[in-house]
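Note that the structure is predicted; figures quoted are calculated from it, not measured. Values below: all heavy atoms of this structure, side chains included; hydrogens, waters and symmetry mates excluded.
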Amino acid sequence: MIAKSWKKILLFVLIIACLYNVMNKLVHKASMKQEVEASVQYMQEQDKK
């Protein structure tokens, strides 16, 4: 009885965590242009060192 309850509770928590992760990534998604510019800047800084 308790095992079934814990299974359902943990499954619910897992689903909520996954949904939160997906929504967080969608909301804070960086554009491709920003990613490329950040990579170029990083590479230029590494070349200077």
Side-chain angles (χ1 to χ4, degrees):
M1 180 76 178
I2 294 175
K4 286 184 180 180
S5 298
W6 279 110
K7 253 186 179 175
K8 289 180 182 179
I9 291 170
L10 291 176
L11 183 62
F12 179 73
V13 169
L14 179 66
I15 291 171
I16 296 298
C18 289
L19 288 175
Y20 176 78
N21 190 20
V22 169
M23 291 303 293
N24 194 26
K25 286 183 179 183
L26 287 175
V27 169
H28 295 104
K29 186 173 91 173
S31 71
M32 182 63 178
K33 183 179 178 185
Q34 290 173 337
E35 291 288 334
V36 170
E37 288 174 350
S39 296
V40 168
Q41 183 179 5
Y42 176 78
M43 293 298 285
Q44 289 174 345
E45 289 174 2
Q46 293 299 315
D47 286 341
K48 290 179 183 177
K49 292 182 180 180

Practice task
Give the cluster check for L19 versus L11: same hydrophobic cluster or not, with ILVMFWY residues linked at side-chain heavy-atom distances below 4.5 Å.
Solution key: yes

Practice task
Drop me the distance from S39's OG to Q41's CD, to the nearest 0.5 angstrom.
Solution key: 10.0 Å

Completion exercise
dist I9:CD1 -> L14:CG (nearest 0.5 Å) comes out at 13.5 Å

Practice task
Quick one: pull up NZ in K25 and CE in M23 and give me the separation to the nearest 0.5 Å.
Solution key: 13.5 Å

